[in-house]
Number of protein chains: 2
Amino acid sequence: MATYAGAGKKLQSERAVRVLRSRILSGEFGPDTHISETAAAEMMGISRTPTREALAQLVDEGLLDRTSSGRCTVRSFSADDVIDAIELRGVLEGTIVRLAAERGPSRDDFDRCMELADLIDIALGDAEPEIDFERYADLNAEFHRTLIGLSGSVTLRREAERAYRMPLASPSAFLQSQEHLVPVRRSLYVAQAQHRALLDAIAAREGARAEMLAREHARLARQNLDALMQSEDRHVHDIPGLSMLAGTPQVNTKGRTQ
Amino acid sequence: MATYAGAGKKLQSERAVRVLRSRILSGEFGPDTHISETAAAEMMGISRTPTREALAQLVDEGLLDRTSSGRCTVRSFSADDVIDAIELRGVLEGTIVRLAAERGPSRDDFDRCMELADLIDIALGDAEPEIDFERYADLNAEFHRTLIGLSGSVTLRREAERAYRMPLASPSAFLQSQEHLVPVRRSLYVAQAQHRALLDAIAAREGARAEMLAREHARLARQNLDALMQSEDRHVHDIPGLSMLAGTPQVNTKGRTQ
DNA sequence: CATATTTGAACTGTATACATAAATTCTGCT
DNA sequence: AGCAGAATTTATGTATACAGTTCAAATATG
């Protein structure tokens, strides 16, 4: 099964990361699935060396666990893990916007944030006719990606980017599919109001307020998750579309089925 | 990244990480020094494969930069980088102790923290006769390592551990050498008082206060750094013992000197 | 029938070889 | 002498081969 090799043939290892990450997040490789170097390499039609590198990166990202003997298994996320990741995101974004307010934000990024806020307004629709969910998700993601560069600190930006890679902690984790967006439709307007307030606070150089607002923003995300869980069975695993969290044991990557 | 663990010299790649990190931190490889895979491998008497893995990890830790063409150079740290790293540490520790207070800390870790606080008291000496600096540094480091497990959140613990690996952001970064400890001798007592207050706040389940105290604790570290910089020339580079920050261009890893 | 043991397949860690891309050096020309 | 360009040399990315270890199935044993 040598997948189309002509894709992004820049670096095999990067392509491997994307392929594996996507398969894990899609739930194709369920929790505790053992992913072997040789099998994964064979599957992707590349050698073990770049595959090894890709697995190491995914372990670092937290998507894979590494056993004592060096084997890689898909990490199983609990509801607490997701909550903590959202908490972390709120704290990091809060710190970044506080510093941005205190030190003065980088002009370009700030302007871009304002611009994105305007675009989000449009996507949400003035009179709430019909929301362009897909566009909203894209814009929201870019807003947050731009936001974390606002302080000018590479250190904090790095950490925030890393936090964003954590499944479900990303600003638009379950804002991807319309299926999840519709139930929390009203909260999107609240979130947008928070975006505006955040930018205001930064412009006014009110660091403490900016930090507080960012945390509140993350709290909203958590509330949405809680609401989804309440309606679905009180377990993250059961939220449709978040199959990566499913507890279903999976077959090995290897063909050795059963 | 499962760098830790007792895996002594079993894995060549881990040994390589330790060797390279130590050489970078010691200043042997100054900022912007190019570290080549082949040269580094040859130097350590191992092959390129584990060396490659080690370099990737150090890039991830932030000790090395990777150029567009894949080359690795020693990162040059600015004073701002250090300040941001300390800020990050304070924020992460603050979040962890807040959650520990809110959710209830893990009993074992909390007891160990109390124990360590007692030991630090002893190391500092009751009547301030003479401080056992080396022991203090060890105990302080362990105190903080234990602290970041207190919330029971693996996610936050991971991030904090990562932050600790950042040079100078570690709780005892410049508390390693007596040379730096003596000038800030008096602040060690303040820090210890903060440790106690922090544990009190957690025991009393006062999350907000615990978070505030943790941030104050980090602020003290920054003040110490500022004081050191003031007395040394206003540049991190010039603080003795922190040669990793020195701006002196270094020879290549390769033997091709001059 | 359950448990301990052995045996074999599979996987990871490491080394080496090869190809491609980058960088430096050398040479020729202006 | 200075600059441009080509050739050489070096470094990275990838593939493959080999050794030690781990895991698991199958067999033997009480």
Side-chain angles (χ1 to χ4, degrees), chain A residues 2-20 29 32-60 64-74 249-258, chain B residues 1-20 29 32-60 64-74 249 251-258:
Chain A
T3 15
Y4 42 92
K9 60 179 304 182
K10 293 178 294 187
L11 257 61
Q12 297 287 45
S13 58
E14 285 187 10
R15 196 178 69 86
V17 168
R18 281 198 302 272
V19 169
L20 290 175
F29 297 156
D32 296 329
T33 306
H34 168 53
I35 296 185
S36 110
E37 271 179 32
T38 54
E42 205 170 303
M43 175 189 77
M44 296 186 288
I46 61 177
S47 87
R48 275 182 55 206
T49 313
T51 304
R52 180 180 188 74
E53 208 161 317
L55 290 177
Q57 184 171 332
L58 291 172
V59 166
D60 183 74
L64 297 180
D65 282 327
R66 193 178 285 276
T67 72
S68 57
S69 61
R71 296 170 126 74
C72 290
T73 58
V74 176
Q250 219 79 5
V251 287
N252 195 309
T253 313
K254 184 85 179 294
R256 180 178 57 178
T257 331
Q258 286 146 19
Chain B
M1 198 162 309
T3 318
Y4 283 70
K9 54 177 182 172
K10 297 199 68 170
L11 262 58
Q12 297 286 43
S13 57
E14 288 189 8
R15 197 177 68 85
V17 168
R18 281 198 300 274
V19 168
L20 290 175
F29 297 156
D32 297 328
T33 306
H34 167 51
I35 297 186
S36 114
E37 271 179 31
T38 53
E42 205 169 301
M43 176 190 76
M44 296 186 287
I46 62 179
S47 87
R48 278 182 50 208
T49 313
T51 305
R52 180 181 186 74
E53 206 161 318
L55 290 178
Q57 184 171 333
L58 291 173
V59 166
D60 183 75
L64 296 180
D65 282 329
R66 192 179 287 277
T67 71
S68 57
S69 62
R71 296 167 111 80
C72 291
T73 58
V74 176
V251 287
N252 195 309
T253 313
K254 184 84 178 294
R256 180 177 54 178
T257 330
Q258 286 139 20

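Quick note on labels: first sequence line is chain A, next is B, and so on, each numbered from 1.
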Enquirer: Work out which heavy atom in B/V17 is nearest to a heavy atom in B/Q57; give both atom names and the distance.
Expert: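 Nearest pair, atom of B/V17 first, then B/Q57: CG2-OE1, 3.8 Å.
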Enquirer: Starting at atom CD of A/E37, determine the distance to atom C1' of D/dT21, rounded to an integer number of angstrom.
Expert: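 Taking atom C1' of D/dT21 as the reference, CD of A/E37 is at 14 Å.
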Enquirer: Using whole Å, what does the distance between atom P of nucleotide D/dA15 and atom CD1 of A/I46 come to?
Expert: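 These atoms are roughly 6 Å apart.
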Enquirer: Quick one: do B/M43 and B/I35 satisfy side-chain contact (heavy atoms from CB on, under 4.5 Å)? Show the steps, please.
Expert: CA-CA 11 Å; B/M43 176 190 76; B/I35 297 186; over 6 Å; no
Enquirer: Quick one: closest heavy-atom pair of B/S13 and B/A54, and the distance?
Expert: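 Closest heavy-atom pair between B/S13 and B/A54: O-CB, 3.8 Å.
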Enquirer: Expressed in angstrom and rounded to an integer, what is the separation of A/R15 atom CZ from D/dG13 atom P?
Expert: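 Result: 16 Å.
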Enquirer: Measure the distance from CD on A/E53 to C1' on D/dT14 and round it to the nearest whole Å.
Expert: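 Those two atoms, CD and C1', are 10 Å apart.
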Enquirer: Could you state the atom-to-atom distance from CG of B/L64 to C1' of D/dA11 in whole Å?
Expert: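 It is 16 Å, rounded to the nearest whole Å.
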Enquirer: Closest approach to the side chain of B/S36, judged atom by atom: which nucleotide of D/dT14, D/dT12, C/dT14 is it?
Expert: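 Of the options given, the side chain of B/S36 lies nearest D/dT12.
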Enquirer: Between C/dA22 atom P and B/R66 atom CZ, what is the distance in whole Å?
Expert: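 The answer, rounded to whole Å, is 15 Å.
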Enquirer: B/R71 side chain: which of D/dG13, D/dC23, C/dA22 is closest?
Expert: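 It is C/dA22.
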Enquirer: Want to settle it: does A/P50 or A/S69 sit nearer the 5' end of DNA chain D, counting the closest nucleotide to each?
Expert: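 Whichever sits nearer the 5' end wins; that is A/P50.
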Enquirer: When you match A/S68 and B/L55 each to their closest nucleotide on DNA chain D, which lands nearer the 5' end?
Expert: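 Nearest-nucleotide comparison on DNA chain D picks B/L55.
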Enquirer: Just compare D/dA11, D/dT14, C/dA15 and give me whichever is closest to any side-chain atom of B/H34.
Expert: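 Nearest nucleotide to the side chain: D/dA11.
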Enquirer: Measure the angle between the two terminal helix axes of the helix from C/dC1-D/dG30 to C/dT30-D/dA1, five base pairs each, and quote it to 10°.
Expert: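 Between the first-five-pair axis and the last-five-pair axis there is 10°.
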Enquirer: List the residues meeting salt bridge (Lys or Arg N to Asp or Glu O under 4.0 Å) with A/R52, not counting sequence neighbours, and say none if there are none.
Expert: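 If we apply the salt bridge (Lys or Arg N to Asp or Glu O under 4.0 Å) test to A/R52, skipping adjacent residues, the hits are A/E37, B/E53.
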Enquirer: I'd like to check A/C72 versus A/V59 (side-chain heavy atoms, cut-off strictly below 4.5 Å). Are they in contact?
Expert: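 A side-chain contact exists here, since the closest heavy-atom pair is under 4.5 Å.
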Enquirer: At their closest point, which heavy atom of B/H34 faces which heavy atom of B/T73, and how far apart are they?
Expert: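 Answer, listing the atom of B/H34 first, then B/T73: CA-CG2, 4.2 Å.
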Enquirer: Report the distance from atom CD1 of A/I35 to atom C1' of C/dT12, rounded to the nearest whole Å.
Expert: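 Value for this atom pair: 15 Å.
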Enquirer: For A/R48 and D/dT14, is the shortest distance between a side-chain N/O and OP1 or OP2 below 4.0 Å?
Expert: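 No, outside the criterion.
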Enquirer: Search all heavy atoms of A/L64 against all heavy atoms of A/V74 and return the closest pair with its distance.
Expert: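 Of all heavy-atom pairs spanning A/L64 and A/V74, the closest is CD2-CA, 3.7 Å.
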Enquirer: Is there, by distance only and without an angle test, a donor paired with an acceptor across the side chain of B/T49 and the base of C/dA15 below 3.5 Å?
Expert: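 Pair found.
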Enquirer: Could you state the atom-to-atom distance from CD of B/E42 to C1' of C/dA15 in whole Å?
Expert: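 About 14 Å, once rounded to whole Å.
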